[in-house]
Structures are given as C-alpha cells and as structure tokens.
Amino acid sequence: MTQDFTADISAYPIDLSIRPEVTAFFDKETNTISYIVKDPASPACAVIDSVMDIDYPAGRISHASADRIIAFVREHGLGIEWLIETHAHADHLSAAPYIQETIGGRLGIGAKITLVQEEFGKIFNEGTRFQRDGSQFDRLFKDGDSYAIGTMTAFAMDTPGHTPACMTHVIGDAAFVGDTLFMPDGGTARADFPGGCARQLYRSIRKVLALPDAMRLFMCHDYGPGGREIRWETTVAEEKAANIHVRDGVSEDEFVAMRTARDKTLEMPKLIIPSIQINIRGGQLPEPDESGKRFLKVPVNEL
Ligand SMILES: [Fe+2]
C-alpha cells in the first residue's frame with residue numbers, strides 16, 4: 001500500500017449551505033435504508049440505494065419496497081433525476097431499473113464497477129454476453145465528479161475498501177456513505193469480499209471523517225446493535241468521537257487487525273448470490289436462456 005491516507009479533501013466542492021430534504025425508507029428484510037434526496041428549491045430528487053424484494057427460497061422477485069418510493073415520488077410531485085448506487089450491494093437487490101422504467105431517472109454508480117464486474121463475471125462464469133464495461137449504467141462516476149439534482153450540485157468521492165467501487169455521495173450538507181461506515185455503535189462494514197481491503201477501508205473512512213464536523217451522514221445499513229431501535233443518521237463529529245471501530249485515535253494498523261479478525265467470523269450475507277448477479281447488471285435480471293426463462297446460478301465452493 002503506497003496510498004497516502006492523510007485525507008486530503010480540499011479538491012471536493014463541499015457546500016454546506018445546500019440542505020437537501022432527506023426521506024429514509026427502511027427495508028426490514030435486509031436492514032437496508034434507501035433514500036429520496038430532494039432539492040429544497042425544486043421538485044428534483046435523487047433516489048439512493050433502492051431495494052428490490054426477493055423471496056429467495058421461492059426464486060420470486062417483487063417490488064413492494066420500490067413501489068413505496070414510487071408512491072412517495074408521485075404523491076409529492078417529485079421528478080427523479082438520478083438513481084444512485086453507492087456500490088454493488090451483496091445483501092440486497094437494486095430496484096433502480098424498475099424505478100427507472102416506471103418513473104424515470106438516470107442510473108449512476110462508481111466507475112470501478114468494471115472491476116467488480118470482472119471479478120464476479122469470472123466467479124459466476126457469466127460468458128461473453130455479460131458486458132464488463134459498466135454499460136448497464138447511464139453514468140460511471142469518477143472520484144470528484146459532480147452532477148446536478150435540480151439546483152443542487154452533488155459530487156461523488158471514491159471510498160473503496162468494502163468493495164473496490166464504493167463511493168460516498170455528498171449532496172450539500174448530507175453525505176451518503178454506503179457501507180463505508182455504520183452508525184457509531186455499529187462500527188464498520190466488512191472488507192473481505194473479493195476486491196475488498198481493510199486498509200483501504202480505513203483510509204476511505206478517514207476521508208469521510210475529514211468532511212466538516214456538521215456534515216450529516218446517512219448509512220446504507222443498520223442492524224440495531226444491542227437491540228436498540230433502527231437509526232441511520234449521524235454526523236461526522238459523532239462518528240469521530242464515538243465510532244466503536246474507527247473513532248479518532250484508532251490507528252490504521254489497529255483497525256486492520258480488528259477488521260481482519262472480525263471478518264473471519266462472519267458468515268456470507270444470505271442474499272449474496274442473487275444480489276451480486278443482479279447488481280453487477282445494474283439491477284437487471286440475467287438474460288433468459290434458450291427456454292426463455294431467467295435463472296440465477298449458485299457457484300459451488302467459489303465464494
Ligand atoms: Fe454493501
């Protein structure tokens with residue numbers, strides 16, 4: 001590792017005077033939080049990390065979670081400009097294409113999704129019809145790229161470690177960290193998936209925690225540690241003071257040792273096999289085979 005972890009965020013266009021209206025949608029099946037982020041000055045919004053429902057034992061897909069988001073958008077007369085994925089999730093399926101077909105929006109993810117497509121394309125032996133160039137998405141964000149949501153300017157920040165393509169999306173005074181951080185009492189997400197790296201995760205977290213203290217941070221997951229109610233919003237100041245894994249004062253080596261030891265004890269997420277196959281396709285199901293039916297694979301002894 002030669003990357004300098006002294007977080008330098010001076011190049012990012014941070015603007016705390018923009019205060020988006022954030023509405024959270026909690027999916028209790030996967031403990032995922034999806035967001036509608038609305039421009040206070042126009043009907044424009046972005047949807048971040050939507051969820052498509054799956055009854056995996058039955059192989060059945062449905063859209064109740066996404067329909068709640070669509071209903072909110074319609075009820076409030078909003079226009080979706082962006083459907084953002086903070087990363088290729090391993091524990092839930094993205095509903096972005098379903099929402100896009102129903103009500104619009106452009107689908108965006110980190111440009112390094114191509115690395116994830118390459119890696120899992122091999123694991124699932126996806127063959128030549130599966131494009132590994134990110135073309136399933138409308139926009140591939142590079143570090144520092146800006147985009148508009150109505151009158152707001154948002155930007156994407158590379159925060160790899162949990163996966164190589166993880167990005168934090170900063171929209172005014174609100175940052176959507178994906179699985180880079182959990183709530184202070186939840187710590188951090190695992191870094192042991194293919195392409196994950198605990199050392200990189202630590203450096204990415206230092207970058208997020210270099211944002212202004214007052215920055216609101218929105219989590220992608222919460223598991224209610226110790227039985228507390230589900231929460232998803234905190235601040236940079238709170239994470240720096242109290243995160244059980246990476247509060248100020250925890251060194252990189254301490255974090256890497258803790259994260260690596262802990263990851264060895266974790267089981268695979270229940271939905272990793274369907275999630276990955278669908279999310280590397282931008283939320284689309286695999287193409288039908290010669291019978292006209294669609295299948296998900298289970299690679300044996302590969303994960
Ligand atoms: Fe994740």
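Note that ligands are numbered from 1 as they come in the structure, with each ligand's atoms numbered from 1 the same way. Quantities reported herein were computed from a predicted structural model and do not represent experimental measurements. Atom set for the values below is all heavy atoms of this structure, side chains included, hydrogens, waters and symmetry mates excluded.
Residue contacts to the Fe ion (ligand 1): Cys220 brings no N, O or S atom closer than 2.8 Å. In summary, an N, O or S atom of Asp179 is located under 2.8 Å from the Fe ion (ligand 1). Among the backbone and side-chain atoms of His87, an N, O or S atom lies under 2.8 Å from the Fe ion (ligand 1).
Salt bridge Arg60/Asp53: absent, no basic N to carboxylate O contact under 4.0 Å.
With respect to Asn243, the side chain to side chain donor-acceptor pair (under 3.5 Å) criterion is satisfied by exactly one of Glu239, Arg247, His245, Lys240: Glu239. The one candidate from Asp49, Thr32, Asn31, Thr30 that meets the side chain to side chain donor-acceptor pair (under 3.5 Å) condition with His92 is Thr32.
Of the N and O atoms on the side chains of His169 and Tyr147, at least one donor lies less than 3.5 Å from an acceptor on the other residue.
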